There are 2 protein chains.
Amino acid sequence: MAEPFKSVCISTRLRRATRKANAIYDHAMEKHGITIAQLSLLRTIRRLERPTLNQLAQATELDASTLGRNMRVLEKAGLTRFEPGQDKRTRVLSLTEKGDAITDRANHDWDRVQSDLKSRLGPGGFDTLFQLLDALDPDNEGRST
Amino acid sequence: MAEPFKSVCISTRLRRATRKANAIYDHAMEKHGITIAQLSLLRTIRRLERPTLNQLAQATELDASTLGRNMRVLEKAGLTRFEPGQDKRTRVLSLTEKGDAITDRANHDWDRVQSDLKSRLGPGGFDTLFQLLDALDPDNEGRST
DNA sequence: CCATATTGTCGGTATATACCGATAAATGGT
DNA sequence: ACCATTTATCGGTATATACCGACAATATGG
């Protein structure tokens, strides 16, 4: 037996839930050779249309150095490319054809998992969850919704 | 401006919220030289009273190999020790005096942050959040609360 | 225009986390 | 007692993530 202990610490419970949710999405992504974190990046790059590392960092609220490293993995896998921008400092990100194709295919599996989890949350659960997660962030002080 | 993009992906939003909550707790832990993840481990070890790695893994739902590595960090910091158990395979974990003292002191700061975040969630928010996080986990099928 | 600040990226270092395979020790069935 | 299985841990490897300091390039105030 020895059931898992239900910690009362918000961080601990969030980390646990995140690990588990990640694992579920990751397993669905396996056949595409990517992780859910990587799919998220691919989609954001596509949406932003040739963003710089910093722009991607602002959109995702990830550290730029983290993204630099994450992007190297995607680059090595041939899913993204890094081209010089106007500014001689900046490098501009975009998806390769392969990256584009994989993103499309992975999106189908993402849909499945997302729907499953959404129904687990019950009616209104999805919106409530996101509202509560946002409430934890002091940066989201003023404007809700 | 370039506001952060509110992804609709449950995993992405969970990861983001977890990063931010971790950062808040971690900053409060800084003065004690530990992270919130480490405080969580110290408390669990204390509660379980000389658990093995595997017992700790079951309680935390973390991979045993992950815990092995996490524990080495705490051991090197002199907060925990690893002693031989009855079974010649197993090693039993416990807090050193220093680890015990730091856990006590860190708990005070944990309290502060936990209360702050709890009040951010509003009335009933805390319970609702945990209930929703649990609902995401297929392992929690049968028994709720 | 130049000195200073700011911006964009990268490398070093560190924690948190997982999966897989090795290895050693215990357990169980015959 | 013996062999097969299961258990406990560890090491290799990989991703995700952050902070800090270096460095180059751009922007800005006087």
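None of the values given here were measured: they were computed from a predicted structure. Throughout, protein chains are lettered first and strands after them, A, B, ... in sequence-line order, and every chain is numbered starting at 1. We use all heavy atoms of the structure for the numbers below, so side chains are in, but hydrogens, waters and symmetry mates are not.
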* Could you say whether A:A23 or A:L53 is positioned toward the 5' end of DNA chain C, judged by the nucleotide with the nearest heavy atom to each? => A:L53
* To do: Using heavy atoms to find the nearest nucleotide of DNA chain C for A:R72 and A:T90 separately, return the residue whose nucleotide is more 5′.
  => A:T90
* Rounded to the nearest Å, what distance is computed from the CD atom of residue A:Q55 to the C1' atom of nucleotide C:dT9? -> 14 Å
* Taking atom CD of B:Q86 as the centre, does the number of heavy atoms from other residues, nucleotides or ligands within less than 6.0 Å exceed 12? -> no
* To do: With heavy atoms under 4.0 Å as the rule, sort B:R69 into base, sugar-phosphate or nothing.
  => base
* **Donor-acceptor contact below 3.5 Å, side chain B:D109 vs main chain B:M29** => no
* Contact class for B:N70 (heavy atom, under 4.0 Å): base, sugar-phosphate, or nothing? -> base
* Asked: Counting N and O atoms only, with roles assigned by atom type, does the side chain of A:T103 sit under 3.5 Å from a partner on the main chain of A:G99, one being a donor and the other an acceptor?
  -> yes
* For B:E49, does the CD atom sit with more than 12 other heavy atoms under 6.0 Å from it, leaving out its own atoms? -> no
* To do: Take the protein atom CG of A:N54 and the nucleotide atom P of C:dT6, then report the distance between them rounded to whole Å.
  => 15 Å
* Taking atom C1' of C:dG8 as reference, at what distance in whole Å does atom CG of A:L56 sit? -> 13 Å
* Structure fact -> First and last nt of DNA chain D near chain A, cut-off under 4.0 Å to heavy atoms, 5' to 3', are D:dT15 to D:dT26
* Whole angstrom is fine here: how far is it from CG in B:D63 over to C1' in C:dG21? => 13 Å
* Between A:R105 and A:W110, is NZ or CZ placed under 6.0 angstrom from the six-membered ring centre and within 45° of the ring axis? -> no
* **Short side-chain donor-acceptor distance under 3.5 Å, A:R81 and A:S94** => yes
* Under the side-chain hydrogen bond (donor to acceptor under 3.5 Å, both in side chains) criterion, do B:T52 and B:T90 qualify, and how do the steps go? -> CA-CA 6 Å; B:T52 66; B:T90 65; over 6 Å; no
* To do: Take atom CZ of A:R89 and atom C1' of C:dT6, then tell me their distance rounded to the nearest Å.
  => 8 Å
* To do: Map B:G68 and A:Q86 onto DNA chain D by nearest heavy atom, then report which one ends up closer to the 5' terminus.
  => B:G68
* **Sugar-phosphate, base or nothing in reach of A:S65, heavy atoms under 4.0 Å** => base
